[in-house]
Amino acid sequence: MNFFDDKIAERLGGRNFGKATEIYKFELIKRAKSAARREHPDIPLIDMGVGEPDWPADPLVVASLAAEAGRPENRRYADNGIPEFQQAAAGFLRRVFGVGGLDPERQIVHAIGSKPALALLPICFINPGDVLLTTVPGYPVSATYTKYLGGGVYNLPLLESNGFLPDLDAVPTDVLKKAKAMYMNYPNNPTGAVASREFFKRVVAFARKNGIVVIHDAAYAALTYDGYTPLSFLSVDGAMDVGVEVHSLSKTFNMTGWRIGFVCGNSKAVRAYADVKDNTDSGQFRAIQKAAITALEHGEITAVTVKKYSRRFDLLVDALNKLGFNARNPRGSFYCYVKAPRAAGDGTEFHSAAEFSDYLIRNCLISTVPWDEAGAYVRFSVTFEADSEQQETQTVRELQRRMSALDLRF
Ligand SMILES: Cc1ncc(COP(=O)(O)O)c(C=O)c1O
C-alpha cells in the first residue's frame with residue numbers, strides 16, 4: 001500500500017481515485033487527434049473543436065497591459081479588485097445590455113476568469129443535500145463543485161424541440177423541494193441557443209416561487225448575431241432579487257488566457273461570493289484589471305469579432321447543409337450544434353455523437369466536440385485558425401470536400 005492510497009477525499013473517489021477506466025471526452029479527442037496526425041502527417045488537421053477565440057487580444061488592450069505592468073502601484077495583492085474595474089464593468093452592463101443602476105461597490109466583484117467564479121458560487125449556497133438544477137449539455141463546473149460539497153445535481157436537458165431552453169415545468173416536486181440553486185448559460189455553450197426575455201421572466205417567477213438562487217453564466221453574452229440584441233438576465237424585472245450573473249472577458253474580448261471576468265447582481269449574493277473569493281485567491285494582477293477596463297470601454301473590439309464569426313457561420317452552415325446536416329446560424333456564442341449522422345457510406349454506424357466525432361478525426365482529420373447528454377450532437381466552432389477571409393473560405397471548402405467523401409446518412 002502506498003501512503004496516499006487512503007488519503008484522497010471521497011469527493012474525488014477516495015481509494016478509487018485514479019482507477020476509473022472511463023476516459024474524459026476531451027482526452028479521447030486529444031488521443032484521436034494525435035493518432036490521426038501520426039497516421040497522416042501530410043494532411044493538415046482542421047480544428048473545429050476549439051472553445052476559444054483564434055484571435056489575440058486587441059492591440060489597445062495589450063498596450064494597456066504593457067503600460068501598466070511595470071507601474072509600482074500595480075504590484076500588490078489586488079484582493080477583491082480595484083474600484084475602477086467595478087465601475088468599468090457597470091458601464092459595460094449599461095451600454096451593452098441596458099442594465100443600469102448597479103452599485104459597482106456592492107453589486108460587482110471581479111473574478112480570475114468566470115470558471116473559478118462558477119466554482120466558488122456553489123460554496124456560497126449549497127449545503128449537503130441541497131440540489132443544483134443545471135442545464136445539460138453544458139459547462140459542468142458549478143455542478144462538479146455542488147457534488148464536492150455533498151449536494152445533488154438535477155439535469156435539465158436542452159432539447160431542440162424546446163429551443164434548447166429547459167422545461168422548468170418538468171422538474172419533479174420532490175426535486176424542487178431540495179433545489180437551492182439553478183445554473184443556466186445563454187447564449188449557450190454548446191447549443192448556440194439564446195434566451196428570450198419571456199424565458200428569463202419565467203425563470204424569475206420559478207426562482208421566486210421555489211426559493212431557488214439563479215446563477216446565470218453569461219460568458220458569451222455579447223456575442224450575438226442576426227439582430228438579436230445581447231440580453232442580460234439582470235435586465236428582467238425581479239432578476240436582481242433572485243440571482244447573479246457571471247461575465248467573462250475571455251470570449252467577448254479574445255482574452256481567454258488573461259483570466260478576468262466578474263460576478264454581478266444581488267448584493268447579498270455578491271457579498272457572499274466576495275467573502276469566499278477573499279478566502280480563496282488574492283485577486284487578479286491590477287495591470288490585467290486595468291487592461292480589462294480598456295477592453296470593457298471599447299465595444300468595437302467585440303463588434304469586429306462578431307462580424308468575423310457571423311461571416312464564418314454563413315460559410316460553415318452552408319457547407320454542413322450541403323453535406324446533409326440540418327444546420328442553422330446560431331443567434332449567439334461561436335458554436336454550431338448539429339445532430340450527428342446515423343452512418344457513413346462505408347457501412348460504419350454511429351451509435352453516439354462521440355463515435356461520429358472520433359470517426360471524423362480519424363478519417364478526415366477534422367476535429368469537433370461531441371455531446372450525447374440530450375441527443376447525439378456535434379459542435380463545430382467558428383474559432384478555427386484562419387488569417388484572412390480567403391483562408392476562412394478555403395478552410396470550410398476543404399472541410400466540405402473531405403466530409404463529402406464520407407457519404408453521411410441521417
Ligand atoms: C459556458 C462557459 N462558461 C464559462 C467558461 C469559462 O470561461 P473563463 O473562465 O475563461 O471566463 C467557458 C469557457 O469555455 C464556457 O464555455
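All ligand and atom numbering here is 1-based and tracks the order in the structure.
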Open item on the list: Among Y337, Y335, F350, F325, which residue satisfies the ring pair (Phe, Tyr, Trp, His ring centres under 6.0 Å) criterion with Y377?
Closed with: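 For Y377, the ring pair (Phe, Tyr, Trp, His ring centres under 6.0 Å) check succeeds only for Y337.
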Task: Aromatic ring proximity, centroids under 6.0 angstrom, H110 and F262 - done: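 Between F262 and H110, the centre distance exceeds or equals 6.0 Å.
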With atoms numbered from 1 as shown, which atoms in ligand 1 lie under 4.0 angstrom from a non-hydrogen atom of [X]?
{"X": "S250", "value": "8 (P), 10 (O), 11 (O)"}
{"X": "N185", "value": "1 (C)"}
{"X": "Y220", "value": "1 (C), 2 (C), 14 (O), 15 (C), 16 (O)"}
{"X": "S248", "value": "8 (P), 11 (O)"}
{"X": "A219", "value": "2 (C), 3 (N), 4 (C)"}
{"X": "R259", "value": "8 (P), 9 (O), 10 (O)"}

Is it the case that [X] and [Y] place a side-chain donor and acceptor less than 3.5 Å from each other?
{"X": "S250", "Y": "T256", "answer": "no"}
{"X": "R379", "Y": "N189", "answer": "yes"}
{"X": "D226", "Y": "N329", "answer": "no"}

Open item on the list: Nearest 0.5 Å, please: how far is OH in Y183 from CD1 in I215?
Closed with: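 Nearest 0.5 Å value for the CD1-OH distance: 9.5 Å.
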TODO: Supply the atom-to-atom distance M184 CE to F200 CZ, rounded to the nearest 0.5 angstrom.
DONE: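 If I round to the nearest 0.5 Å, the distance is 4.5 Å.
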TODO: Determine, using heavy atoms of K251 and all atoms of ligand 1, whether some pair is separated by less than 4.0 Å.
DONE: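 Contact present.
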Task: Heavy atom of the protein closest to atom 7 (O) of ligand 1 (residue, atom name, distance) - done: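 The answer is S114 OG, 3.2 Å.
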Open item on the list: Please list the nearest protein heavy atom to atom 3 (N) of ligand 1 with its residue and the distance rounded to 0.1 Å.
Closed with: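 Atom 3 (N) of ligand 1 sits closest to the protein heavy atom D217 OD2, 2.6 Å.
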Open item on the list: Looking at R311, I'd like to know if its CZ atom is crowded, meaning that more than 12 non-hydrogen atoms belonging to other residues, nucleotides or ligands lie closer than 6.0 Å.
Closed with: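 Atom CZ in R311 is crowded, with more than 12 foreign heavy atoms closer than 6.0 Å.
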Task: N or O pair under 3.5 Å between Y335 and ligand 1 - done: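 In this structure, Y335 places no N or O atom under 3.5 Å from an N or O of ligand 1.
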TODO: Determine, considering heavy atoms only, which of Y139, Y183, F334, W258 sits nearest to atom 12 (C) of ligand 1.
DONE: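 Result: the heavy atom closest to atom 12 (C) of ligand 1 is in Y139.
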